S.K.: 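Handing you this structure, nothing more for now.
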Amino acid sequence: VWGLMTIQRQAVAAPQFRVAALEVRGLRLLTGDEVLQASGVEVGEALLDIDLDAVAQRLDSLVWVRSARVERKPPDRLVVPLSERRRVAWLDWRGRSYGIDDDGVLLPPRRLATEGIEDLDLPVFQVPGLRDSMRVGDVVADSTVHRLVTWWANVRAASPDLAAEISQVEPFDGDALRLRLVADNLEVRLPYAESSERLATLDGVLQRVYGECPNPAYIDLRFEGQAVVGHDIDRDPVG
């Protein structure tokens with residue numbers, strides 16, 4: 001035992017067993033400097049003295065980090081595989097648009113320098129009655145928001161092209177949703193259930209609607225087997 005302890009002490013003291021760099025894997029939005037600063041690790045620190053769990057916990061506290069691990073890579077590196085959070089939609093709250101990820105975590109409204117158009121060109125969730133006490137970095141404790149996040153994940157997976165045409169989503173009339181389309185702000189109503197299938201019929205319906213019903217106010221797809229086209233004062237069934 002004494003011999004092993006002696007070897008460990010010598011290794012800790014040896015120059016080649018001091019941290020020279022963090023090798024971070026999985027970065028896209030964050031930068032290496034931001035991760036190094038948040039880790040609390042100092043260049044030149046003894047590699048074998050570092051509490052890996054404590055470093056991982058500090059990194060997990062960053063808003064944009066979903067999870068992080070820290071591993072030693074002798075003689076002079078720490079390896080940090082991490083998973084970042086990404087905005088999947090915007091959430092309108094207190095007059096500003098905050099990001100929200102697919103875990104329902106509230107993300108900052110400010111754009112990161114590393115975010116591109118594809119990271120920001122997302123629909124806005126309009127949810128009435130959100131609490132004033134929400135905090136960035138926490139899961140939004142609102143059942144409607146969670147339902148919208150789940151619904152949106154299913155739509156993106158099943159109909160990515162149609163998902164790209166949606167600019168706004170909000171709850172409507174109990175068990176339904178109201179959408180706005182990017183091209184002309186047309187309102188589309190549909191149920192939570194089977195919404196992917198209803199959206200899949202929308203392209204064909206739109207062509208007929210624009211040909212037969214000039215300036216429609218909305219298309220209602222809540223009813224099985226038909227689309228109801230609404231104007232300001234009437235409704236015209238289509239199909």
Side-chain angles (χ1 to χ4, degrees), residues 24-40 54-70 80-160 162-182 190 192 195-196:
V24 187
R25 300 170 182 172
L27 284 184
R28 180 171 173 269
L29 299 180
L30 294 171
T31 66
D33 287 342
E34 289 171 326
V35 174
L36 177 60
Q37 182 177 359
S39 73
V55 175
Q57 288 177 5
R58 288 194 288 271
L59 295 178
D60 282 339
S61 69
L62 290 174
V63 169
W64 293 98
V65 172
R66 173 180 275 115
S67 63
R69 296 197 322 273
V70 183
V80 183
L82 60 78
S83 172
E84 294 179 326
R85 298 194 181 279
R86 305 284 176 83
R87 305 182 206 268
V88 297
W90 298 99
L91 181 65
D92 193 18
W93 179 49
R94 299 196 303 191
R96 300 184 70 184
S97 291
Y98 288 74
I100 191 165
D101 81 341
D102 51 15
D103 292 326
V105 172
L106 193 68
L107 299 174
R110 181 179 59 84
R111 173 194 172 187
L112 297 177
T114 49
E115 288 183 296
I117 293 176
E118 70 278 6
D119 299 303
L120 304 170
D121 188 14
L122 302 168
V124 177
F125 291 170
Q126 299 277 358
V127 181
L130 290 174
R131 298 185 306 172
D132 288 337
S133 58
M134 297 193 307
R135 295 193 311 172
V136 169
D138 289 349
V139 174
V140 177
D142 184 280
S143 59
T144 300
V145 171
H146 281 268
R147 196 175 191 188
L148 289 179
V149 168
T150 301
W151 173 86
W152 181 235
N154 292 334
V155 170
R156 285 186 295 127
S159 308
L162 287 166
E165 299 301 316
I166 298 171
S167 64
Q168 183 175 307
V169 185
E170 61 185 294
F172 176 74
D173 195 24
D175 207 36
L177 295 156
R178 176 161 50 199
L179 317 177
R180 297 282 181 180
L181 301 185
V182 172
L190 70 163
Y192 276 102
S195 56
S196 296

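Here the structure is a predicted model, which means the values were calculated and not measured.
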S.K.: Could you check whether atom CZ of Arg94 has more than 12 heavy atoms from other residues, nucleotides or ligands sitting under 6.0 Å from it?
M.R.: yes
S.K.: Do the non-hydrogen side-chain atoms of Met134 and Leu130 ever get within less than 4.5 Å of each other?
M.R.: yes
S.K.: Applying side chain to side chain contact (heavy atoms under 4.5 Å, CB included) to Glu170 and Leu148, what does each step give before you reach the verdict?
M.R.: CA-CA 8 Å; Glu170 61 185 294; Leu148 289 179; over 6 Å; no
S.K.: Check whether any side-chain heavy atom of Glu84 lies under 4.5 Å from a side-chain heavy atom of Leu27, and answer yes or no.
M.R.: yes
S.K.: With rounding to the nearest 0.5 angstrom, report the CH2 to CG distance, Trp152 to Leu177.
M.R.: 11.0 Å
S.K.: Is it the case that atom CZ in Arg28 sees more than 12 heavy atoms from other parts of the structure closer than 6.0 Å?
M.R.: yes
S.K.: Looking at every non-hydrogen atom in both residues, tell me the closest pair between Leu120 and Trp90 and how far apart they are.
M.R.: O-NE1, 2.9 Å
S.K.: Quick one: do Arg87 and Glu115 make a salt bridge, cutoff under 4.0 Å?
M.R.: yes
S.K.: Would you mind reporting whether Arg147 and Tyr192 have side-chain heavy atoms less than 4.5 Å apart?
M.R.: yes
S.K.: Backbone N or O of Arg131 within a donor-acceptor pair of the Trp93 side chain at under 3.5 Å?
M.R.: yes
S.K.: Is there side-chain contact between Leu162 and Val155, with heavy atoms separated by less than 4.5 Å?
M.R.: no
S.K.: Supply the atom-to-atom distance Leu112 CG to Arg110 CZ, rounded to the nearest 0.5 angstrom.
M.R.: 6.0 Å
S.K.: So how far is it from Leu91 CG to Asp142 CG, rounded to the nearest 0.5 Å?
M.R.: 8.5 Å
S.K.: Taking Asp119 for its side chain and Gly116 for its backbone only, find out whether a donor-acceptor pair lies under 3.5 Å.
M.R.: yes
S.K.: Decide yes or no for Phe172 and Leu179: does some side-chain heavy atom of the first lie under 4.5 Å from some side-chain heavy atom of the second?
M.R.: no
S.K.: Using side-chain heavy atoms (C-beta onward) and a distance below 4.5 Å, is Val124 in contact with Val169?
M.R.: no
S.K.: Shortest non-hydrogen contact from Ala68 to Asp60?
M.R.: N-OD1, 3.0 Å
S.K.: Do the non-hydrogen side-chain atoms of Leu122 and Val88 ever get within less than 4.5 Å of each other?
M.R.: no
S.K.: Taking all atoms of both residues into account, what is the closest heavy-atom pair of Ala157 and Pro160, and its distance?
M.R.: O-CD, 4.1 Å
S.K.: Could you tell me which non-hydrogen atom of Ala56 sits nearest to which non-hydrogen atom of Val70, and how far apart they are?
M.R.: N-CG2, 3.8 Å
S.K.: Taking Gln168's backbone N and O only, do any of them form a donor-acceptor pair with Gln126's side chain (distance below 3.5 Å, no angle check)?
M.R.: no
S.K.: Does Ser67 reach the side chain of Pro81, with side-chain heavy atoms less than 4.5 Å apart?
M.R.: no
S.K.: Would Arg58 and Ser39 satisfy side chain to side chain contact (heavy atoms under 4.5 Å, CB included), going step by step from the backbone distance to the final call?
M.R.: CA-CA 6 Å; Arg58 288 194 288 271; Ser39 73; 5.5 Å; no
S.K.: Mind running side chain to side chain contact (heavy atoms under 4.5 Å, CB included) on Arg69 and Leu82 for me, showing each step along the way?
M.R.: CA-CA 6 Å; Arg69 296 197 322 273; Leu82 60 78; over 6 Å; no
S.K.: Side-chain donor-acceptor contacts of residues 100-109 below 3.5 Å, not counting sequence neighbours, with atom names and distances?
M.R.:
{"unit_1": "Asp101", "atom_1": "OD1", "unit_2": "Asp103", "atom_2": "N", "d": "3.0"}
{"unit_1": "Asp101", "atom_1": "OD1", "unit_2": "Gly104", "atom_2": "N", "d": "3.1"}
{"unit_1": "Asp101", "atom_1": "OD1", "unit_2": "Val105", "atom_2": "N", "d": "2.8"}
{"unit_1": "Asp101", "atom_1": "OD2", "unit_2": "Arg66", "atom_2": "NH2", "d": "3.4"}
{"unit_1": "Asp101", "atom_1": "OD2", "unit_2": "Arg85", "atom_2": "NH1", "d": "2.6"}
{"unit_1": "Asp102", "atom_1": "OD1", "unit_2": "Arg66", "atom_2": "NH2", "d": "2.6"}
{"unit_1": "Asp103", "atom_1": "OD2", "unit_2": "Arg66", "atom_2": "NE", "d": "2.9"}
{"unit_1": "Asp103", "atom_1": "OD2", "unit_2": "Arg66", "atom_2": "NH2", "d": "3.2"}
{"unit_1": "Asp103", "atom_1": "OD2", "unit_2": "Arg85", "atom_2": "NH1", "d": "3.0"}

